Amino acid sequence: MGTRKLGRPTAHRMSMLYGMAAYLIENGKIETTLTRAKEVSSITEKLITLGKKGGLANFRKALAVIPEDTAKKLFNVVAPNYADVNGGYTAVYKLGPRRGDGAEMALIILTAPAVEIAAETTEEAAKDEKTAE
């Protein structure tokens with residue numbers, strides 16, 4: 001058994017999925033089709049596991065598939081929040097069919113620890129801006 005082909009050549013498919021995984025790490029959630037969400041979930045879980053392990057070799061493995069700023073966020077912000085969690089870093093919620101073509105839509109999010117940290121980071125940034133004024 002392999003991965004889903006999603007109607008694209010291998011290079012295009014992998015580029016799309018790694019791009020979506022990077023976007024998920026940066027923003028915390030994505031709305032996409034159900035099959036893409038399931039594939040992105042798998043890739044993101046593996047990237048977060050690399051981040052939890054840490055180290056230069058794992059950082060370089062992450063850099064091979066996601067941009068540097070996203071990899072830094074993964075290793076410094078997102079992965080440490082899952083230090084005590086073994087898997088289940090993402091959740092996929094079904095949203096129903098898309099209006100145009102009826103494709104099953106889904107919302108993929110990073111689970112609670114990362115969402116709480118992202119909110120705290122945003123609050124700290126807001127406080128820093130107020131003190132700068």
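The shown structure was predicted, so the numbers you read here are calculated from the model rather than taken from an experiment.
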From [X] [atom1] over to [Y] [atom2], what is the distance, rounded to the nearest 0.5 angstrom?
X: Glu26; Y: Leu74; atom1: CD; atom2: CG; answer: 11.0 Å
X: Leu110; Y: Asn81; atom1: CG; atom2: CG; answer: 9.5 Å
X: Thr33; Y: Leu6; atom1: OG1; atom2: CG; answer: 7.0 Å
X: Leu34; Y: Glu39; atom1: CG; atom2: CD; answer: 10.5 Å
X: Leu17; Y: Ile43; atom1: CG; atom2: CD1; answer: 4.5 Å
X: Ile108; Y: Ile30; atom1: CD1; atom2: CD1; answer: 6.5 Å

Shortest non-hydrogen contact from [X] to [Y]?
X: Leu47; Y: Ala21; value: CD1-CB, 4.1 Å
X: Gly54; Y: Phe75; value: CA-CE2, 3.9 Å
X: Arg13; Y: Thr3; value: NE-OG1, 4.4 Å
X: Gly51; Y: Ala79; value: C-CB, 3.4 Å
X: Ile109; Y: Lys29; value: CG2-CB, 3.5 Å
X: Ala22; Y: Ile66; value: CB-CG2, 3.9 Å

Exercise. Can any side-chain N or O of Lys52 pair as donor or acceptor with the backbone N or O of Val85 at less than 3.5 Å?
Worked result: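 Indeed, once roles are kept as given, a pair shorter than 3.5 Å links the two residues.
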Exercise. Is a side-chain donor or acceptor of Tyr89 paired with a backbone partner of Gly87 at a separation under 3.5 angstrom?
Worked result: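 Side chain of Tyr89 to backbone of Gly87, a donor-acceptor pair under 3.5 Å: yes, one is there.
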Exercise. Looking at side-chain heavy atoms only, is the closest gap between Lys38 and Arg4 below 4.5 Å?
Worked result: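 In contact.
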Without placing hydrogens or testing angles, list every side-chain donor-acceptor pair under 3.5 Å for residues 90-103, not counting sequence neighbours.
from	atom 1	to	atom 2	distance (Å)
Thr90	OG1	Ser41	OG	2.6
Thr90	OG1	Glu45	OE2	2.9
Arg98	NE	Asp101	OD1	3.0
Arg98	NH2	Asp101	OD2	3.0
Asp101	OD1	Ala103	N	3.1

Does atom [atom1] ([X]) have a neighbourhood of more than 12 heavy atoms from anything else shown, all under 6.0 Å?
X: Arg60; atom1: CZ; result: no
X: Asp69; atom1: CG; result: yes
X: Tyr23; atom1: OH; result: no

